[in-house]
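Residue indices begin at 1 and follow the sequence shown.
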Amino acid sequence: MGENAKWYKKGLVDGIPIALGYFAVAFTLGIVAKNSGLSAFQAMLAAALTNASAGGYAGFTLIGENASFLEMALTQLVVNARYLLMACALSQKLSPKTSTLHRSLIAFDVTDEVFGISVSVKGTLNPFYNYGAMTVSIPGWALGAFFGVIMGNVLPNSVVSALSVGLYGMFLAIIIPPARKNKIIAVLVMVSMALSFVFSKLPLLSSISSGMRVIVLTVLISLAAAVLFPREEEDEDAV
């Protein structure tokens with residue numbers, strides 16, 4: 001088995017929990033799509049092409065309100081702006097020799113969860129790892145939206161709410177292992193959670209969109225961590 005095939009297989013395996021979480025959470029996205037007048041196929045296609053949770057909810061809601069294309073574009077820009085930071089961070093994991101085509105394909109699916117497992121890979125990131133994760137995660141999200149339109153309103157609200165919690169459990173599974181190994185990461189995670197809560201309660205900052213709050217916190221905490229705890233250079237050939 002070639003090197004790329006090994007990375008692809010590893011991405012497939014690591015992406016399965018993400019796909020299962022996406023399938024469950026996207027049920028609620030499908031309900032929003034149905035209430036906005038979209039068919040199951042339209043919801044599935046939109047979910048597959050955008051791969052965004054908050055952006056999907058906002059987009060389907062605006063469709064239901066017959067919003068203009070300009071309003072839709074501006075809303076998506078603000079809600080999904082945090083992915084710009086994730087893409088910049090992820091680009092640092094790639095070899096300088098990585099082609100523009102590979103970078104563009106990876107950028108198509110820089111979701112919170114795929115980003116989380118990608119930056120956790122030791123050493124240089126092989127693009128085929130992302131392709132493997134994308135192979136299962138994108139269909140999981142799209143099919144979840146599809147079945148959400150068909151079956152979502154049939155399920156009790158308590159079941160739908162329970163499904164939505166599943167993704168938060170997956171986030172914990174991503175951050176807890178590195179936090180247990182590194183006290184600095186553990187402290188930064190706790191500080192991030194605390195500041196996120198404070199920002200959501202402060203009068204002025206609570207009015208800012210959640211996506212923009214994530215950007216502000218990411219920049220501030222990352223800058224502080226880079227200054228206080230500079231990271232040693234890793235061997236690019238490490239696996």
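Residues passing the side chain to side chain contact (heavy atoms under 4.5 Å, CB included) test with Thr111, sequence neighbours excluded: Tyr22, Asn51, Asp109, Glu113, Val114. Remark: Tyr83 pairs with no residue by the side chain to side chain donor-acceptor pair (under 3.5 Å) rule, at least two apart or across chains. The side chain to side chain contact (heavy atoms under 4.5 Å, CB included) check on Glu65 picks up Thr61, Leu62, with sequence neighbours excluded. By the side chain to side chain donor-acceptor pair (under 3.5 Å) test, Asn4 is found to be paired with Asn126, residues two or more places apart in sequence or in another chain being considered. With sequence neighbours excluded, no residue forms a side chain to side chain donor-acceptor pair (under 3.5 Å) with Thr50. Every ring pair (Phe, Tyr, Trp, His ring centres under 6.0 Å) that Tyr131 has, sequence neighbours left out, goes to His102, Phe128. For Phe23, the side chain to side chain contact (heavy atoms under 4.5 Å, CB included) criterion is met by Phe27, Leu143, Phe147, not counting sequence neighbours. Under the side chain to side chain contact (heavy atoms under 4.5 Å, CB included) criterion, Leu45 pairs with Phe41, Leu49, sequence neighbours left out.
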Check against side-chain contact (heavy atoms from CB on, under 4.5 Å), Val121 and Trp7: CA-CA 11 Å; Val121 171; Trp7 277 100; 3.5 Å; yes

Steps toward side-chain contact (heavy atoms from CB on, under 4.5 Å) verdict (Leu38, Val32): CA-CA 9 Å; Leu38 276 71; Val32 175; over 6 Å; no

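A 4.5 Å side-chain heavy-atom check between Ser53 and Val25 finds every atom pair outside the cut-off.
Apart from Ile16 itself, the hydrophobic cluster it occupies contains Leu20, where clustering links Ile, Leu, Val, Met, Phe, Trp and Tyr at side-chain heavy-atom distances under 4.5 Å. The other residues sharing a hydrophobic cluster with Leu74 are Leu70, where clustering joins ILVMFWY side chains under 4.5 Å apart.
Under the 4.5 Å side-chain heavy-atom criterion for grouping Ile, Leu, Val, Met, Phe, Trp and Tyr, Leu188 is not connected to Leu223 through any hydrophobic cluster. Under the 4.5 Å side-chain heavy-atom criterion for Ile, Leu, Val, Met, Phe, Trp and Tyr, Val13 and Met134 are members of distinct hydrophobic clusters. A continuous path of Ile, Leu, Val, Met, Phe, Trp and Tyr side chains, each step under 4.5 Å between heavy atoms, connects Leu101 with Tyr129, placing both in one hydrophobic cluster.
Judged by distance alone, the side chain of Gln42 and the main-chain N or O of Ser39 form a donor-acceptor pair under 3.5 Å. Between the side chain of Ser95 and the backbone N or O of Lys97 there is at least one donor-acceptor pair closer than 3.5 Å. Using modelled atom types, no side-chain atom of Thr98 and backbone atom of Leu94 make a donor-acceptor pair closer than 3.5 Å. A distance-only check finds no donor-acceptor pair linking the side chain of Ser36 to the backbone of Ile63 [under 3.5 Å].
Atoms CZ and NZ, from Phe115 and Lys93 in turn, are 10.0 Å apart once rounded to the nearest 0.5 Å. In this structure, CG on Asn130 lies 13.0 Å from CZ on Phe108, to the nearest 0.5 angstrom.
Around CE of Met72, the count of heavy atoms belonging to other residues, nucleotides or ligands within 6.0 Å exceeds 12.
Among residue pairs with one or both ends in residues 23-32, none qualify as salt bridge (charged side-chain N to carboxylate O under 4.0 Å, His left out); sequence neighbours excluded.
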